[in-house]
2 protein chains.
Amino acid sequence: MSTIRERNKELILRAASEEFADKGFAATKTSDIAAKAGLPKPNVYYYFKSKENLYREVLESIIVPILQASTPFNPDGVPSEVLSGYIRSKIRISRDLPFASKVFASEIMHGAPHLSADLVEQLNSQAKHNIDCIQSWIDRGQIAPVDPNHLMFSIWAATQTYADFDWQISAITGKDKLDEADYEAAAQTIIRLVLKGCEPD
Amino acid sequence: MSTIRERNKELILRAASEEFADKGFAATKTSDIAAKAGLPKPNVYYYFKSKENLYREVLESIIVPILQASTPFNPDGVPSEVLSGYIRSKIRISRDLPFASKVFASEIMHGAPHLSADLVEQLNSQAKHNIDCIQSWIDRGQIAPVDPNHLMFSIWAATQTYADFDWQISAITGKDKLDEADYEAAAQTIIRLVLKGCEPD
DNA sequence: GTCTATATCCAGATAGAC
DNA sequence: GTCTATCTGGATATAGAC
């Protein structure tokens with residue numbers, strides 16, 4: 001079990017996520033990935049066979065965290081706790097895995113051309129499950145009758161944006177990089193919007 | 001004033017926005033744009049000089065609508081009216097100009113490599129202006145002390161998502177295409193979240 | 001103004017020496 | 001396992017006939 005192998009694969013994966021996040025699949029050059037990893041280009045092919053394969057590894061690395069973030073959703077959970085937990089998880093993903101997160105968003109935006117139909121199906125059914133859960137809270141009068149689909153889309157978009165538009169957000173807030181307190185403030189703001197929006201009139 | 005020229009440019013621009021929105025700049029082939037426009041490829045170069053030029057025309061076509069959507073922001077305006085107006089304008093842009101809107105989001109996401117520094121500056125200062133406006137409402141006690149930056153990002157993300165993730169939203173809601181009523185429901189849901197979130201506790 | 005045929009370039013991928 | 005040198009395909013862009 002060569003430790004060099006693991007180390008190099010890791011170097012390449014890290015460099016690849018940054019490059020793919022920055023430029024997108026088509027505009028990324030494997031030579032740039034190799035350069036950023038500090039390795040010659042053929043090594044990239046030696047370890048990952050093709051650019052496409054490498055991209056898929058980056059892309060799929062984010063799926064498990066994304067699916068796990070939805071685990072709190074459960075009709076018998078307390079709505080305010082489930083929703084805040086979900087928002088915090090999604091913000092944490094944007095903060096801790098910004099590159100893969102961005103690659104994921106870009107992939108979905110362009111019709112998921114590199115994602116297996118199976119994974120797309122899992123993501124969609126997870127989303128539907130969450131929406132059904134919100135609907136059941138509405139049916140039982142636990143939250144106001146907001147549109148559960150649009151509520152879910154807003155939460156998804158608001159949390160995802162901290163990965164996708166990070167440099168833009170930094171430019172507007174005048175910070176070089178968002179720090180812990182910024183992510184906390186973001187989470188609190190989104191939680192406030194969602195929870196107050198779900199309160200009865 | 002050849003009317004053929006105008007017609008062909010229009011055909012190419014329309015085809016280009018769809019292709020660029022669908023695949024992104026790098027992955028789009030000018031031959032596909034030409035095919036979709038029903039014209040031979042050299043015509044694309046004849047009218048637009050380069051793929052990059054054509055892309056910039058599509059991209060810049062969305063800037064004016066985006067900037068205009070912010071015009072209601074004004075410290076002396078009524079917060080609830082300004083915010084709802086802005087949300088409705090942004091949703092309308094996502095609905096009426098879905099392709100250019102998506103091209104714009106993808107461009108910003110990847111660091112605006114094709115957008116002039118001047119336009120980037122205009123967009124940023126517009127955003128800062130909006131945020132300052134929200135802050136002045138807070139200072140005067142007209143709305144609750146939410147974080148104006150994060151409020152603005154949430155609104156931007158939630159409205160933009162209807163252009164960026166349209167097919168995904170359709171897949172989850174089970175509709176082939178979002179109709180007028182869906183956009184109206186989206187606007188109302190986002191307006192509810194924002195206005196209730198801005199109410200004092 | 002239009003379009004066929006072609007030049008040019010560049011990035012993905014690999015052969016083969018070490 | 002590693003990397004230099006090279007092949008090859010395909011996409012942008014254009015020359016030049018009509």
Side-chain angles (χ1 to χ4, degrees), chain A residues 1-60 99 103 106-107 110-111 113-116, chain B residues 1-60 99 103 106-107 110-111 113-116:
Chain A
M1 179 51 69
S2 88
T3 179
I4 292 181
R5 187 182 191 83
E6 295 311 312
R7 201 190 64 105
N8 282 354
K9 284 192 77 170
E10 186 53 40
L11 281 172
I12 293 167
L13 268 176
R14 184 185 304 270
S17 7
E18 294 187 25
E19 286 294 307
F20 286 136
D22 196 34
K23 317 246 181 82
F25 176 75
T28 294
K29 299 187 258 190
T30 51
S31 58
D32 285 353
I33 294 175
K36 180 167 276 189
L39 293 167
K41 186 170 60 156
N43 276 28
V44 173
Y45 289 89
Y46 175 69
Y47 288 120
F48 293 93
K49 287 279 286 184
S50 69
K51 177 182 173 181
E52 168 109 22
N53 252 315
L54 177 51
Y55 177 80
R56 261 201 299 265
E57 286 220 20
V58 171
L59 181 58
E60 292 178 3
F99 304 116
V103 169
S106 189
E107 174 71 13
H110 295 117
H114 305 279
L115 209 52
S116 73
Chain B
M1 177 52 67
S2 87
T3 180
I4 291 183
R5 187 181 192 84
E6 294 311 312
R7 202 190 64 106
N8 282 354
K9 284 192 77 169
E10 187 52 40
L11 281 172
I12 294 167
L13 269 176
R14 183 185 305 268
S17 7
E18 295 188 23
E19 286 295 306
F20 286 135
D22 196 33
K23 318 246 181 83
F25 176 75
T28 294
K29 299 185 261 190
T30 51
S31 58
D32 285 353
I33 294 176
K36 181 167 275 188
L39 293 167
K41 187 171 57 160
N43 275 28
V44 173
Y45 289 91
Y46 174 69
Y47 288 119
F48 293 93
K49 286 279 286 182
S50 70
K51 178 183 172 181
E52 169 107 22
N53 252 317
L54 177 51
Y55 178 79
R56 261 202 299 265
E57 286 220 17
V58 170
L59 181 57
E60 292 179 3
F99 302 116
V103 169
S106 189
E107 174 71 13
H110 295 117
H114 305 280
L115 210 52
S116 74

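Below, chains carry the letters A, B, ... as their sequence lines are ordered, and counting in each starts from 1.
- Each end of the helix from dG1(C)-dC18(D) to dC18(C)-dG1(D) gets its own axis from five base pairs, and the two axes differ in direction by 0°, given to 10 degrees.
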Before giving the answer on side chain to side chain contact (heavy atoms under 4.5 Å, CB included), spell out for R5(A) and Y47(A) the whole-Å C-alpha distance, their side-chain angles and the decisive distance to 0.1 Å. CA-CA 8 Å; R5(A) 187 182 191 83; Y47(A) 288 120; 3.7 Å; yes
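- Between N8(B) and dT2(C) there is a side-chain polar atom (N or O) within less than 4.0 angstrom of OP1 or OP2.
- No donor-acceptor distance shorter than 3.5 angstrom exists from the side chain of E57(B) to the backbone of L13(B), with no hydrogens or angles considered.
- Between the C1' atom of dT2(C) and the NZ atom of K9(B) lies a distance of 16 Å, rounded to the nearest Å.
- Between N43(A) and I12(A), the shortest heavy-atom distance links the atoms O-CD1, 4.1 Å.
- Evaluation of the salt bridge (Lys or Arg N to Asp or Glu O under 4.0 Å) rule for E52(B) yields R56(B) as partners, not counting sequence neighbours.
- Here F48(A) lies out of heavy-atom contact (under 4.0 Å) with every strand.
- Distance N43(A) CG to dT2(D) C1': 6 Å, rounded to the nearest Å.
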Every protein N/O within reach of nucleotides 11-15 of chain C N/O, cut-off under 3.5 Å:
residue	atom	partner	partner atom	Å
dA11(C)	OP1	K29(A)	NZ	3.3
dG12(C)	OP1	T28(A)	O	3.0
dG12(C)	OP1	K51(A)	NZ	3.0
dG12(C)	OP2	T30(A)	N	3.0
dG12(C)	OP2	T30(A)	OG1	2.8
dG12(C)	N7	K41(A)	NZ	3.4
dA13(C)	OP2	Y45(A)	OH	3.3
dA13(C)	OP2	K51(A)	N	2.9
dA13(C)	N6	K41(A)	NZ	2.9

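- Taking atom CG on L39(A) and atom P on dC3(D), their separation rounds to 7 Å, with Å as the unit.
- Neither OP1 nor OP2 of dG1(D) sits under 4.0 Å from any side-chain N or O of Y47(A).
- Residue Y46(A) places at least one side-chain N or O closer than 4.0 Å to OP1 or OP2 of dG1(D).
- Note: F25(B) and F20(B) have parallel aromatic rings, judged against thresholds of 30 and 60 degrees for the angle between ring planes.
- Residues meeting the salt bridge (Lys or Arg N to Asp or Glu O under 4.0 Å) test with E60(A), sequence neighbours left out: none.
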Distance-only criterion, 3.5 Å: show the donor-acceptor pairs between side-chain atoms of residues 26-34 of chain A and protein atoms not counting sequence neighbours.
residue	atom	partner	partner atom	Å
T28(A)	OG1	E19(A)	O	3.2
T28(A)	OG1	G24(A)	O	2.7
T30(A)	OG1	Y45(A)	OH	3.1

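- Here D32(B) lies out of heavy-atom contact (under 4.0 Å) with every strand.
- Under the ring pair (Phe, Tyr, Trp, His ring centres under 6.0 Å) criterion, F48(A) pairs with no residue, sequence neighbours left out.
- Here the side chains of S106(A) and V103(A) are not in contact, with every heavy-atom distance at 4.5 Å or above.
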